[in-house]
Amino acid sequence: MKELPNKYDPKAIEERIYAAWEKEKLFHADNASGKKVYTIVIPPPNVTGALHMGHALNNSIQDILIRWKRMQGFETLWVPGTDHAGIATQNVVEKSIAKEGLKRDDLGREKFLEKVWQWKESYGSTIIKQLKKLGSSCDWDRTRFTMDEGLSKAVMEVFSRLYAENLLYKGDYIINWCPRCGTALSDEEAEHEEVNGALYHIKYQIKGSAGFEKYLEDYVVVATTRPETLLGDTAIAVNPKDERYAALNGKTAILPLVGRELKIIFDEDVDPLFGTGALKVTPAHDPVDFLLSIKHGLPRVNVMESDASINALGGKYAGLDRFECRKKILEDLETAGLLVEKKDHLHAVGHCYRCHTMVEPRLSKQWFVKMKPLAIEAARVVEDGTVKFYPSRWTKVYLNWMHNIKDWCISRQIWWGHRIPVWYCKDCLKYKNVRDVSVSGPKAEGIFLSTGGEKLEKCPRCGGKDIEQDPDVLDTWFSSWLWPFSTLGWPKKTKDLEVFYPTEALVTAQEIIFFWVARMIMAGLKFGKEAPFKDVYIHGTVRDSSGKKMSKSLGNVIDPLDIINDVGSDALRFSIISITSQGQDVFLSKDKFESGRNFANKIWNAARYVLLNVDEKTLKPDYDISSCTLPDKWIISSFHETVKRVDSSLAEYRFSEAAGHIYDFIWHKYCDWYLEISKLSDDKANTQNILVYILGGVLKLLHPIMPFITEEIWQSMPARPDRWIMKSAWPAADEKAIDRQALSNMENLMGVITAVRNARAFWNININTILEVEIKTDQPGLIFDNRKYIEKLARCTVVKAEPLVARPANSVSAIVDKLQVFIPIGKLVDINEEKARISKKIQELENYLTGIARKLSDENFVKRAPADIIEKERSKQGKFSEQLAALKDNLEAVLG
RNA sequence: GGGCGCGUAACUCAGCGGUUUAGAGUGCUUCCCUUACAAGGAAGAGGUCAGAGGUUCAAAUCCUCUCGCGCCCACCA
């Protein structure tokens, strides 16, 4: 047993403790002993990232679950790792080489990738180190990275299988294109945001008309928000039921500024109520128009380069950026008198989730996963309860997405990532640019897979050497969706996979339900044979105090490392857990961490008191209930109640509730009452026993939330059966140890003490004056046996405790449950001095009551106000009348 | 256009599978440096639970509507 320092200093504790755990290999899981298993996998943070509050919350929760289960005797595995974050990482490295004046094309693919790997080696472990500071008890020996050999194998295997099953295809579709990143994005990667745009009404001439004299004979007006795309128009569409436009049947329009002839088509999908009811059809730059082009066999004219500048098909506008082009086209339309009007128009526009550039819907050849077949199963397991969401409201969000699933665009025009393992034989295909190849099934000729992702030399069909690999890489989520089983060795049939898959719980934020959770469930069912987890706990988003998402660009971040530096990791964890109830968003400000810091300090000091006074020679490993006092029984019962509550709160993922129970027990029961009472003990040995017993118990209860301080104190505990609290046995809630009678008796006792203290404070009686109290009670024995506590803690003597007590002269009274406490104070109070104050108080109450009475006798009010308000006024009246009566009664009694 | 969340004490929030007197932290008032802790202790003030209907013996809690605030999804160009 060693002494605890006077001052609680997290900095002196946390790093040292963590290092000790690591040294003892306490995080490692192998299940050599064949215990029950509890597995969770970390939502892999972005390898370029640094720890932010979202991570802190997310990992605190996971660590609580893991530590709790570990103490409950499970073999726990928490798999850590990072994902390669294709676009984000590539952006970071591009920025870094830009400082040397280089672009990625200057280096070439191989050299550039070398740079990225170098970057990853130097900075990629930042977040891992930070997670350790938080206290996360991951099995670091198993740290995984999505571009590791093993995980890459899994990606290739999955690609091959999907390809073989005809669940992959490559073709021309409208996708979300980020002109800045120069790549396609999935639908989920385009974040819709309201933008103040404009709706332009533009005249299109009817072929054969002389000018713009008569509407619909000479011209038609269309509405658009992106006038620059008119360069790619190939038709005009109106609704067949829209009688206004019936006359257009069979006519052709002329595209302004370009002169191309546009067929006028009729389609139900056109909304007659929007704009003019006539739609310009731009199949290469709009998803709706693209579908129209399929239905009506329209040509598709893609007028943009990959940076969203206008290409050669844009004629004289070629080379202009999309927004410059918009300006120029509007000018030209204006000049030509074709711009009818411009209306302000608020609409939702997609933005790149990595760089926030406005996304351009653009026709492009990309790889897709057919999602419907995967979604059917993934929806089923949630519908039948195999996989449960906490809180349950997310079920609906998830299912809604599953039921409206669209194919997943998985190819990205970047270099950092898993390169698509498809090779093209230029001889067989007679294609120069392999990007232009469409792939619709597994048996396409001249197209072949390298199933392990390895480099191929020649075409297996014709033996030709002019072969080329698909230049694109896969979406990062195409590797992340395999995470729960790829990290355990899949596709190899490993022992780990057998033992640890499927996992128990997934803890994550709502932002990635579609990106990650939904797709993991799909992949788990498809390749892992089972849903990858049973429970999905969705926690809230960490926001600043005004409700904005924390982000570097807004400058409103609270850095968890700063907080750890200020108050310690334990305080950070406790605070953030306390204020996060059931998946509700967290509005954070720095002062929120004070409660955690204060709590840690409180525990430290309480432990110091207990350990300072303990005599190791008389200490026993357990307590003897027969030698226990009422307060002993009370604290033991109360402790077991707390264990029960904490267990059920944790089982339901109610972390803040669990934290609250522990806080309340430690602070307001153990410290405020039991520690104070322990100072009055006659049986020091027994009291110390209980003190230490309860301290050990609460340290265990608290350990999942505050791992460092509990371990540090544990290491100072005498006679602890377990070397590490981290590996110790979780307290078992024992119903038999809960003595309800003791609980209620102690409540009464505390009530009496509070009543006496209250009277002393109210009547301004000096703290050194010993009050003489008489108690009317049915349980005189209870009071007399425990009078010591009342007398010491309330500074009084209990003169009488009997079933029938006449009210002593000059005494105030207080009711506690079924007993009544009389406190004669008349002689102690300078009544003349107090009289004015009490009279004022009485006056206040009387005024208030008169107010209520006036209100209640006011006919208007009684007629007008609803019954429950009147009822409330009445009950207020009753309550205050009672108070007034008691006060008057007491005053009178004191005056004698 | 659909879906979801929130509106409770001065502030930040719990409670919302109906039941004693609606809780916590912070702040505020009074007293106390009592040898674990002033980052503390004791006592206290403070609430038409957004508004309106309804169900019920009983509603902050369940249902409907209204008003504010926030988020997510969606091809109205």
Side-chain angles (χ1 to χ4, degrees), chain A residues 4 6-8 174 187-188 191-192 199-200 222-226 229 237 269-282 285-292 345 347-348 361 391 393-394 396-397 400-401 404 510-511 513-514 540-541 543 545 547-549 567 571 575 578-589 591-592 594-613 654 656-657 660 663-664 668 671-672 675-676 678-679 753-754 757-762 764-768 793-795 865-866 868-873 875-876 879:
Chain A
L4 291 173
N6 285 345
K7 277 256 179 259
Y8 165 60
I174 292 276
D187 292 337
E188 288 69 33
E191 294 177 338
H192 286 262
L199 193 60
Y200 302 94
V222 301
T224 180
T225 54
R226 293 186 295 152
T229 62
D269 284 350
V270 180
D271 179 0
L273 299 176
F274 188 88
T276 62
L279 168 70
K280 69 191 244 339
V281 183
T282 321
H285 294 282
D286 186 278
V288 180
D289 298 4
F290 177 75
L291 293 177
L292 288 174
H345 183 63
H347 59 149
R393 66 185 128 95
W394 296 111
K396 207 167 160 184
V397 175
N400 186 46
W401 188 79
N404 296 294
Q510 73 159 71
E511 288 91 343
I513 291 179
F514 307 137
T541 305
R543 300 173 184 282
S545 50
K548 289 193 203 71
K549 225 183 208 176
V567 299
S575 302
S578 302
I579 60 177
T580 316
S581 70
Q582 271 275 297
Q584 218 52 262
D585 285 357
V586 192
F587 290 54
L588 207 61
S589 56
D591 56 342
K592 296 258 162 86
E594 276 171 25
S595 64
R597 177 200 60 175
N598 293 355
F599 186 43
N601 191 52
K602 187 78 180 176
I603 296 158
W604 185 263
N605 284 304
R608 213 156 54 81
Y609 165 77
V610 171
L611 298 181
L612 219 57
N613 290 299
R654 293 170 174 267
S656 63
E657 204 178 80
Y663 179 93
D664 182 63
H668 297 307
C671 292
D672 284 354
L675 245 53
E676 292 310 316
S678 77
K679 294 172 186 171
I753 292 165
T754 302
R757 284 170 171 173
N758 179 352
R760 183 191 297 279
F762 186 83
N764 282 334
I765 296 168
N766 189 287
I767 190 75
N768 294 316
L793 295 176
R795 299 189 67 83
D868 62 324
I869 290 182
I870 295 176
E871 196 42 52
K872 257 176 195 158
E873 289 293 325
S875 81
K876 247 190 205 170
K879 189 174 143 195

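Proteins get letters first, then strands, A, B, ... in listed order; numbering begins at 1 in each.
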- Once you round it to whole Å, what is the distance between P of B/G40 and CD of A/Glu594? 10 Å

- Query: Paired with B/C37 by Watson-Crick or G-U wobble geometry, both distances under 3.5 Å: which nucleotide is it?
  - Reply: none

- Task: Go through B/C37, B/A77, B/U12 for me and flag the one nearest to the A/Lys592 side chain.
- Result: B/U12

- Note on the structure: Which of A/Asn768, A/Ile753, A/Ile765 passes side-chain contact (heavy atoms from CB on, under 4.5 Å) with A/Arg795? It is A/Asn768

- Task: Would you tell me whether A/Tyr609 and A/Ser678 have side-chain atoms, one donor and one acceptor, within less than 3.5 Å of each other?
- Result: yes

- Message: Classify A/Tyr8 by what it touches in the nucleic acid, base, sugar-phosphate, or nothing, heavy-atom distance under 4.0 Å.
- Response: nothing

- Note on the structure: Heavy-atom nearest nucleotide on RNA chain B taken for A/Lys396 and for A/Glu676; more 5' hit belongs to A/Lys396

- Query: Does a side chain donor of either A/His668 or A/Asp672 reach within less than 3.5 Å of an acceptor in the other side chain?
  - Reply: yes

- Please report, rounded to the nearest Å, how far the P atom of B/G41 is from the NZ atom of A/Lys679. 11 Å

- Note on the structure: Regarding the side chain of A/Ala348, the nearest nucleotide among B/G41, B/A74, B/C76 is B/A74

- Considering only heavy atoms and no angle criterion, is a donor-acceptor pair shorter than 3.5 Å present between the side chain of A/Gln584 and the base of B/A14? no

- Message: When you compare the side chain of A/Val288 with that of A/Ile174, does any pair of heavy atoms fall below 4.5 Å?
- Response: no

- May I ask you to verify if any side-chain N or O of A/His668 is less than 4.0 angstrom from the OP1 or OP2 atom of B/G25? yes

- Kindly say if A/His345 contacts the phosphate of B/A77, meaning a side-chain N or O under 4.0 Å from OP1 or OP2. yes

- Note on the structure: Winner on side-chain proximity to A/Phe274, out of B/C76, B/G15, B/C71, is B/C76

- Searching all strands shown, indicate the nucleotide that pairs with B/C65 (Watson-Crick or G-U wobble; both distances under 3.5 Å). B/G51

- Query: Is the distance from OP1 or OP2 of B/A14 to the nearest side-chain N or O of A/Ser656 less than 4.0 Å?
  - Reply: no

- Looking only at atom C1', what distance separates B/U8 and B/U48, rounded to whole Å? 12 Å

- Task: Give none if B/U21 has no partner; otherwise give the nucleotide forming a Watson-Crick or G-U wobble pair with it, both distances under 3.5 Å.
- Result: none

- Message: Using atom C1' in both nucleotides, what's the gap between B/C11 and B/C57 to the nearest angstrom?
- Response: 38 Å

- Message: Over all strands shown, is A/Phe599 touching base, sugar-phosphate only, or nothing at heavy-atom distances under 4.0 angstrom?
- Response: nothing

- Hey, does the side chain of A/Thr754 come within less than 4.0 Å of B/A43's phosphate (OP1/OP2), counting only N and O? yes

- Separation of B/U34 P from A/Asn766 CG (nearest whole Å): 15 Å

- Query: How far does the P atom of B/A58 sit from the matching atom of B/G40, given to the nearest Å?
  - Reply: 45 Å

- Query: Which value, in whole Å, describes the distance between the C1' atoms of nucleotides B/G23 and B/A9?
  - Reply: 10 Å

- Item | Nearest-nucleotide 5' precedence on RNA chain B, A/Lys7 against A/Gly277 | A/Lys7

- Message: Taking the minimum atom-to-atom distance to the side chain of A/Val288, which one of B/A42, B/C75, B/G40 wins?
- Response: B/C75

- Query: Looking at B/C4, B/G44, B/A36, which one has an atom nearest to any side-chain atom of A/Asn758?
  - Reply: B/G44

- Item | Length of the CD-C1' vector between A/Gln510 and B/C71, whole Å | 7 Å

- Message: Return the pairing partner of B/G46 with a 3.5 Å limit on both distances, Watson-Crick or G-U wobble; otherwise return none.
- Response: none

